[in-house]
Visitor: 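Take a look at this one; I'll ask things after.
Just so you know, these numbers come straight off a predicted model, no measurement behind them.
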Amino acid sequence: MTVRPSAARERLLAAAAQVFYAEGIHAVGVDRVIERAQVTRATFYRHFPGKDDLVRAYVEHADAAIRARLDAALAHTPDPYQLLGLLVEGIGEEICAPGFRGCPFINAAAEFPDPSHPVHRAVVAHRAWFRAALVQLLTAMAYADPQRGADTLVMLRDGAMVAGYLGAPEAARDNLRAAVGAFMPRP
């Protein structure tokens, strides 16, 4: 399905991202998103048949933003070790940012546990893409087992996200740096 660009749709996605992330997806009703986006109910339904469609679009929009950031970094950083360092620093900045409430993908998966639900599938698709991107990066680094290495890096990222939200963000950032540094020493 091709989605036409629309200022109202972008406002809806931005509003949804703010309130879903800050308060939880199931805790926020469509009326709250409509009010925050300053659109009419008819405008909402013109863009999204229902709340689940908005939630899936929110997850896919977050995924697209991360893909774009990685693509931009790849275009400017040919050294895979430097790229891994930038990735870790970006995660660390995210963890330490004001209002950090954990990983939006993990949060969405927790609220939509049914593996066949479109929101859950969107989260799984993001994670599969992220893992594949890490496999490519580790392959470029000539890492001995890129598949296992990617699994380990995803696990480290997930753990850092949870630790950053539930514990001390700076410690989570520093521990992620140390763990990845020890796991991926530069030749």
Visitor: Between Glu111 (side chain) and His26 (backbone), is there a donor-acceptor pair under 3.5 Å?
Guide: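 It does hold such a pair.
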
Visitor: Who passes ring pair (Phe, Tyr, Trp, His ring centres under 6.0 Å) against Phe130, sequence neighbours left out?
Guide: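 If we apply the ring pair (Phe, Tyr, Trp, His ring centres under 6.0 Å) test to Phe130, skipping adjacent residues, there are no hits.
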
Visitor: What's the verdict on side chain to side chain contact (heavy atoms under 4.5 Å, CB included) for Arg46 and Val39, showing C-alpha distance, side-chain angles and the deciding distance?
Guide: CA-CA 11 Å; Arg46 189 175 13 212; Val39 299; over 6 Å; no

Visitor: If you compare all heavy atoms of Gly24 against all heavy atoms of Val28, which two are closest, and at what distance to 0.1 Å?
Guide: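 Distance-wise, the nearest heavy atoms are O-CG2, 3.3 Å.
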
Visitor: CZ/Arg131 to CG/Leu138 distance, rounded to the nearest 0.5 angstrom?
Guide: 9.5 Å

Visitor: Which value, rounded to the nearest 0.5 Å, describes the distance between Leu13 atom CG and Glu60 atom CD?
Guide: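 Rounded to the nearest 0.5 Å, the CG-CD separation comes out at 10.0 Å.
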
Visitor: When rounded to the nearest 0.5 angstrom, what distance separates CZ in Arg173 from CD1 in Ile95?
Guide: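 One gets 9.0 Å once the value is rounded to the nearest 0.5 Å.
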
Visitor: Does Asp174 pair with Arg177 as a salt bridge, N-O distance under 4.0 Å?
Guide: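 Salt bridge between Asp174 and Arg177, a charged N being under 4.0 Å from a carboxylate O: yes.
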
Visitor: Just by distance, do the side chain of His126 and the backbone of Val59 share a donor-acceptor pair under 3.5 Å?
Guide: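 Between the backbone of Val59 and the side chain of His126 there is no qualifying donor-acceptor contact (under 3.5 Å).
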
Visitor: Between Ala172 and Ala160, what is the shortest heavy-atom contact and its length?
Guide: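 Reported closest heavy-atom pair: CB-O, 3.7 Å.
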
Visitor: Can you see which heavy atom on Pro80 is nearest to which on Ala140, and at what distance?
Guide: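 That would be CG-O, 3.9 Å.
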
Visitor: Nearest 0.5 Å please: distance from the CD atom of Glu94 over to the CD1 atom of Ile66.
Guide: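 Taking CD in Glu94 and CD1 in Ile66, the distance rounds to 6.5 Å.
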
Visitor: Answer whether the closest heavy-atom distance between the side chains of Phe20 and Asn107 falls below 4.5 Å.
Guide: no

Visitor: Would you call Leu86 and Arg69 a side-chain contact if the rule is heavy atoms closer than 4.5 Å?
Guide: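 Answer no - side chains too far apart.
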
Visitor: I would like to know whether Ile91 and Leu176 meet side chain to side chain contact (heavy atoms under 4.5 Å, CB included); could you show each step before the answer?
Guide: CA-CA 9 Å; Ile91 293 168; Leu176 176 64; 3.5 Å; yes

Visitor: Any chain of hydrophobic side-chain contacts (each under 4.5 Å) joining Val162 to Phe105?
Guide: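 Yes: a chain of side-chain contacts under 4.5 Å links Val162 to Phe105.
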
Visitor: Which atoms form the tightest heavy-atom contact between Val33 and Leu12, and what is the distance?
Guide: CG1-O, 3.8 Å

Visitor: In Å, rounded to the nearest 0.5 Å, how long is the span from CD of Gln18 to OH of Tyr58?
Guide: 10.5 Å

Visitor: Do Leu87 and Leu153 have side chains that get closer than 4.5 Å, going by heavy atoms?
Guide: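 No, their side chains stay 4.5 Å or more apart.
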
Visitor: Hey, is CZ on Arg148 packed in by over 12 heavy atoms from elsewhere, all under 6.0 Å?
Guide: no

Visitor: Starting from the C-alpha separation in whole Å, work towards a yes-or-no answer on side chain to side chain contact (heavy atoms under 4.5 Å, CB included) for Ile25 and Lys51.
Guide: CA-CA 10 Å; Ile25 296 166; Lys51 182 179 176 184; 4.2 Å; yes

Visitor: Answer yes or no: is there a donor N or O on one side and an acceptor on the other, between the side chain of Asp63 and the main chain of Ala125, under 3.5 Å?
Guide: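 Pair absent, no side-chain N/O of Asp63 close to backbone of Ala125.
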
Visitor: What about Met161 and Trp129, same hydrophobic cluster or not, with Ile/Leu/Val/Met/Phe/Trp/Tyr joined at side-chain heavy-atom distances under 4.5 Å?
Guide: yes

Visitor: Would you sort out whether Phe48 and Arg9 count as a side chain to side chain contact (heavy atoms under 4.5 Å, CB included), showing the intermediate values?
Guide: CA-CA 9 Å; Phe48 303 102; Arg9 185 178 195 282; 3.7 Å; yes

Visitor: Are more than 12 heavy atoms, taken from residues, nucleotides or ligands other than Gln38, located less than 6.0 Å from that residue's CD atom?
Guide: no

Visitor: Can you name the closest pair of heavy atoms from Pro115 and His120 and give their distance?
Guide: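 Smallest heavy-atom distance, with atoms named: CA-CD2, 3.4 Å.
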
Visitor: Do Val154 and Met141 belong to the same hydrophobic cluster, where Ile, Leu, Val, Met, Phe, Trp and Tyr are linked whenever their side-chain heavy atoms lie under 4.5 Å apart, directly or via other members?
Guide: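 Val154 and Met141: one cluster.
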
Visitor: State yes or no: do Val135 and Leu137 share one hydrophobic cluster built from I, L, V, M, F, W and Y residues joined by side-chain heavy-atom distances below 4.5 Å, directly or via other members?
Guide: no

Visitor: Give me the atom names and distance for the closest heavy-atom approach of Pro169 to Gly167.
Guide: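 That closest heavy-atom pairing would be CD-O, 3.3 Å.
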
Visitor: Counting only N and O atoms by type, is there a donor-acceptor contact under 3.5 Å from the side chain of Arg101 to the main-chain atoms of Tyr21?
Guide: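 Present.
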
Visitor: Would you say Leu54 ends up clustered with Val30 if hydrophobic residues are merged whenever their side chains have heavy atoms under 4.5 Å apart, either directly or through other cluster members?
Guide: yes

Visitor: Which distance, rounded to the nearest 0.5 Å, do you find between the CG of Leu84 and the CG of Leu134?
Guide: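 Going from the CG atom of Leu84 to the CG atom of Leu134 covers 8.0 Å.
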
Visitor: Asp71: what forms a salt bridge (Lys or Arg N to Asp or Glu O under 4.0 Å) with it, not counting sequence neighbours?
Guide: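 Residues passing salt bridge (Lys or Arg N to Asp or Glu O under 4.0 Å) with Asp71: none at all.
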
Visitor: Do other residues, nucleotides or ligands put more than 12 heavy atoms under 6.0 Å from the CD atom of Glu10?
Guide: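 Above 12, so yes.
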
